[in-house]
Amino acid sequence: MLSWLLGGGALASMASFFYPVARFLIPPPVTEAAVNEVAAGKVQDLKPNSGKIVKFGNKPALLVRVNDTEWKAFSAVCTHLNCTVQYRDSTQQIWCACHNGTYDMSGRVVSGPPPNPLEEYAVNLRGDEVVISKRA
Amino acid sequence: MKAQAIDWFKERLGVDAIREVMDHKTVPVHSATRWYYFGGITLFLFGIQVVTGTLLLFYYRPTVAEGFDSVRFIMTRADFGWLIRSIHSWSANLLIFVAFVHMFSVVFTHAYRSPRELTWGSGIALAGLMLGFGFSGYLLPWNQISYFATKVGTDVAGSVPVVGVAIARILRGGEDVGAATLTRFFALHVMVLPMITAALIALHVLLVQKNGMSTPPWIAASRVRHMKFFPNFFLREVMVWYGVLAILGALAAIFPWELGEKADPFASAPKGIRPEWYFLAQFYTLKLIPSHVWIFEGELLGIAGFGAVALAWALLPAWGVNRAGQARTRLVTGAGIVLVAYLAVFTVLGYVK
Ligand code: HEM
Ligand code: FES
């Protein structure tokens, strides 16, 4: 009986020490305004057959100018293990340097380990400004 | 007067009891004796890490804004900073290599047998801690390569079913690798891991002391000569340490550790992203597995495989002996050779491809 009380007491006090520590270690959620649209620069800043990384909220997005008139944008977060992808002008594909994954210009996986396609964003030109937005 | 003072200390410190223990410790002398040095080398290198790491703390700043620049300051402005950082980096790599040599020497001499199961277990835990040191320390200079290596590494943890997402969040201190990850890894690297490691090394060495050095099963224990640990073996070990120190100094001076470019979360992963060499074998395996194998995601399969192998390895003293407590030498030696071969081949492949 006594040892049961002692043991229970010790256990309870341990729990009361560790619970706050465990909670402390779990990062609190950071509230970020959801981003649906960003201005990604001027039309003339990106040459045809090239791409660049732009901020889309707190995540990177890949903007590609396929040719004079055609633009594409994707989430730049590789669906494999989170690396940031890049546009390869030589193959006109999207390439991830981390494990050699490739995607085509619709975001579909062509080769390598990525399990899912890249999320595609809509690109609109407003005057000479390029605007990327989430698809509805 | 002097003799009196010495006696005064001797009495209070219990020196005679310690001397007694030291006098009785012996090391068996046989064809595999040289492998007994590797645990000690690991210990020595860990000491080097503690000293150089503490020195680095005088200048290093664990923030996204200043981390990279503070390391550059150490490399370029602080006198001998380049040497201290290079030794810390080189020694970390040597340490992991030597710890693995030590581990495999235990396997091939079958020293994991009763009564050394706990010595083996604490050694496995130490090996895990050393990899933890490597992984957390790699991020601290906050350069491109380490930034992306950490993204990939924490995402591997994140793809474990059910608990993975929570683990990745706790490791990163948020959704993504960023400022919160750096402070977390810093706390782990300089405080949490060293404390746990120090305690485990104490246990590990105490167990070695208590159980004595094992003699490989193919050598008749009754026929083995012994040498005294103090001073005979110890002095030899110290000579080995000097040799290791010379290698370390030469490596650090001739090949100072590179710093790379400052991490930019809004840049594409650069070409040639790869983790430190001791994660390369797993890295290359993940690269080879296709995205889907039957109904499973390839990556999950790989991670499950690594987990299963690590668990089986930790339990080696259970399946590596027969009912009579004798080592299943063929089975264990075979498993050891397969594992060494896999690690060696895949590390090299990961390096050249
Ligand atoms: C930080 C890492 C480590 C340190 C500092 C360390 C230190 C030592 C030292 C000083 C010895 C005595 C000398 C020797 O036998 O070489 C020893 C023995 C031993 N170690 Fe480790 N060790 C480490 C990692 C490991 C690992 C990774 C394993 C295996 C999983 C391991 C398993 C053993 C065993 C079984 C012995 C007893 C060997 C015998 O009695 O013949 N140790 N260790
Ligand atoms: S993270 Fe992109 S291929 Fe692995």
Side-chain angles (χ1 to χ4, degrees), chain A residues 21-32 34 38 40-41 50-64 74-90 93-103 108-118, chain B residues 144-145 147-159 166-181 183-184 187-188 192 263-275 283-293 296-303 350 353:
Chain A
V21 173
R23 287 301 297 263
F24 178 77
L25 290 176
I26 299 172
V30 190
T31 42
E32 292 237 19
V38 294
S50 68
K52 71 168 179 182
I53 298 291
V54 296
K55 276 190 187 188
F56 196 84
N58 56 1
K59 300 266 182 207
L62 175 67
L63 174 67
V64 180
F74 303 91
S75 155
V77 182
C78 182
T79 59
H80 180 222
L81 292 173
N82 228 357
C83 275
T84 308
V85 299
Q86 57 189 284
Y87 179 69
R88 275 204 147 168
D89 51 6
S90 54
Q93 280 178 333
I94 296 166
W95 178 59
C96 178
C98 286
H99 312 96
N100 210 10
T102 49
Y103 303 85
R108 284 185 301 248
V109 181
V110 178
S111 67
N116 297 305
L118 291 174
Chain B
Q144 268 307 71
I145 303 275
Y147 173 77
F148 280 104
T150 307
K151 261 172 110 81
V152 170
T154 51
D155 216 55
V156 168
S159 56
I167 293 178
R169 247 182 77 83
I170 291 178
L171 275 178
R172 292 181 187 143
E175 292 313 316
D176 224 325
V177 175
T181 320
T183 51
R184 259 165 207 245
L188 285 174
V192 181
D264 175 2
F266 291 96
S268 299
K271 224 198 211 128
I273 273 292
R274 68 159 78 100
F283 170 86
Y284 186 67
T285 311
L286 282 184
K287 213 163 164 171
L288 279 192
I289 301 178
S291 63
H292 293 278
V293 181
F296 299 107
E297 228 171 75
E299 194 197 316
L300 259 185
L301 221 56
I303 293 164
K353 298 238 170 161

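Small disclaimer: the values here were computed from a predicted structure and weren't measured. Letters A, B, ... mirror the listed sequences (proteins, then strands); counts begin at 1.
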Interface moiety of [X] toward chain B, non-hydrogen atoms closer than 4.5 Å:
| X | value |
| --- | --- |
| A:V54 | backbone |
| A:P113 | both |
| A:K52 | neither |

Distance, nearest 0.5 Å, that separates [atom1] of [X] from [atom2] of [Y]:
| X | Y | atom1 | atom2 | result |
| --- | --- | --- | --- | --- |
| A:L25 | B:R169 | CG | CZ | 12.5 Å |
| B:S159 | A:H80 | OG | NE2 | 8.0 Å |
| A:C96 | B:F148 | SG | CZ | 8.5 Å |
| A:Y87 | B:S268 | OH | OG | 13.0 Å |

Decide yes or no for [X] and [Y]: does some side-chain heavy atom of the first lie under 4.5 Å from some side-chain heavy atom of the second?
| X | Y | result |
| --- | --- | --- |
| A:I26 | B:I170 | yes |
| A:I53 | B:D264 | no |
| B:F266 | A:K59 | no |
| B:R184 | A:P27 | yes |
| A:L81 | B:L286 | yes |

* Residue B:A267 versus chain A: region with a heavy atom under 4.5 Å ->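 Backbone of B:A267 only, per the 4.5 Å heavy-atom cut-off to chain A.
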
* So which of A:G101, A:C83, A:C78 has the biggest tally of heavy-atom pairs under 4.5 Å with chain B? ->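 The candidate making the most pairs under 4.5 Å is A:C83.
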
* For the candidates A:A97, A:G112, A:P60, A:P115, which exhibits the highest count of non-hydrogen atom pairs separated by less than 4.5 Å from chain B? ->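 Highest number of pairs under 4.5 Å: A:P115.
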
* **Closest contact, heavy atoms only, A:H99 versus B:V152** =>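 Where A:H99 meets B:V152 most closely, the heavy atoms are CE1-CG1, 3.7 Å.
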
* **Shortest non-hydrogen separation from A:N82 to B:K151 and the atoms involved** =>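 Closest pair (atom of A:N82, atom of B:K151, distance): O-CE, 2.8 Å.
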
